[in-house]
Amino acid sequence: QVRLVESGGGLVQPGGSLRVSCAASGSSFSIPVMAWYRQAPGKQRELVASHNSAGYRYYADVVKGRFTISRAENTVYLQMNSLKPEDTAVYYCYANADAQTFWGQGTQVTVSS
């Protein structure tokens, strides 16, 4: 059973930067896909960025050029720059392993002056 623990959310002003991290435990091999999703109040959860074990990265159009996803073994990071108020959401870590999906508990990111 994979367990995901996020950290690093918080309050930041528009134009600022923040990094969130997600550490996976319970897997002795490289997890094939790790990703970040987010869910804003009243909206559906959406994929922000993903990173597979081969190094392929995907970004949603709304974050391209501002966010960077990276991995160190089974820890995934999301560096968020030039943050906008519309980036405010709960950010969830996601992992896909052994045809199962796993979610972290979420970390709040608030962009406000």
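Numbering starts at 1 and runs along the sequence shown. Just so it is clear, the values below take in all heavy atoms, side chains as well, and ignore hydrogens, waters and symmetry mates.
Taking both residues in full, the closest heavy atoms of S50 and L47 are given as CB-CD1, 4.5 Å, listed atom of the first, atom of the second, then distance. In terms of heavy-atom proximity, A40 sits nearest to A89 at N-CB, 3.8 Å. Closest of all the heavy-atom pairs between C93 and V76 is SG-CG1, 3.8 Å. Residues I31 and R71 come closest through the heavy atom pair O-NH2, 2.9 Å. Nearest heavy-atom pair, S27 versus V2, reported as atom, atom and distance to 0.1 Å: CB-CG2, 4.1 Å. The two residues L4 and C22 come nearest to each other via the heavy atoms CB-SG, 3.9 Å.
Side-chain atoms of S17 never come within 3.5 Å of backbone atoms of N81 as a donor-acceptor pair (strictly under, hydrogens ignored). A donor-acceptor contact shorter than 3.5 Å links the side chain of E6 to the backbone of G106. Remark: the backbone N or O of S7 is not paired with any side-chain donor or acceptor of S21 at under 3.5 angstrom. Looking at N52, its side chain does come within 3.5 Å of a backbone N or O of A54 through a donor-acceptor pair. Judged by distance alone, the side chain of N74 and the main-chain N or O of F29 form a donor-acceptor pair under 3.5 Å.
The distance from atom CG of L78 to atom CZ of F67, rounded to the nearest 0.5 Å, is 6.0 Å. Here S113 contributes atom OG and L11 contributes atom CG; the two are 9.5 Å apart, rounded to the nearest 0.5 Å. Atom-to-atom distance recorded for R66:CZ and T68:OG1 is 11.0 Å, nearest 0.5 angstrom.
Under 4.0 Å is where a charged nitrogen must lie from a carboxylate oxygen, and between K64 and D61 at least one such pair does.
The closest side-chain donor-acceptor pair between R38 and Y91 falls under 3.5 angstrom. Using a 3.5 Å distance cut-off with no hydrogens or angles, the side chains of Q108 and T110 do pair a donor with an acceptor.
For the pair R45 and Y92, the cation sits on the ring face: its NZ or CZ lies under 6.0 Å from the ring centre, inside 45° of the axis.
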Checklist entry - Does the pair F102 and Q1 meet the rule for a side-chain contact (heavy atoms from CB on, under 4.5 Å), with working shown? => result CA-CA 9 Å; F102 303 92; Q1 186 80 359; 3.9 Å; yes

Checklist entry - side-chain contact (heavy atoms from CB on, under 4.5 Å) between E73 and T75: does it pass, once the steps are laid out? => result CA-CA 6 Å; E73 297 185 341; T75 297; over 6 Å; no

Checklist entry - Passes side-chain contact (heavy atoms from CB on, under 4.5 Å), R19 versus Y77? Steps please. => result CA-CA 7 Å; R19 188 176 84 155; Y77 306 93; 3.6 Å; yes

Checklist entry - Does the pair V109 and D87 meet the rule for a side-chain contact (heavy atoms from CB on, under 4.5 Å), with working shown? => result CA-CA 8 Å; V109 172; D87 294 317; 5.6 Å; no

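By the 6.0 Å contact criterion, CZ on R57 is enclosed, its count of non-hydrogen atoms from other residues, nucleotides or ligands being greater than 12. The number of heavy atoms from other shown groups lying within 6.0 Å of CD (E86) is above 12.
Cluster annotation: M80 and V90 are assigned to distinct hydrophobic clusters (Ile/Leu/Val/Met/Phe/Trp/Tyr, side-chain heavy-atom contacts under 4.5 Å, transitive). The hydrophobic clustering, which links ILVMFWY residues whose side-chain heavy atoms are closer than 4.5 Å, places M34 and Y94 apart. V12 and V48 fall within the same hydrophobic cluster, defined by Ile, Leu, Val, Met, Phe, Trp and Tyr side-chain heavy atoms under 4.5 Å apart, directly or through other members.
Between W103 and Y37, the gap from one ring centroid to the other is short of 6.0 Å.
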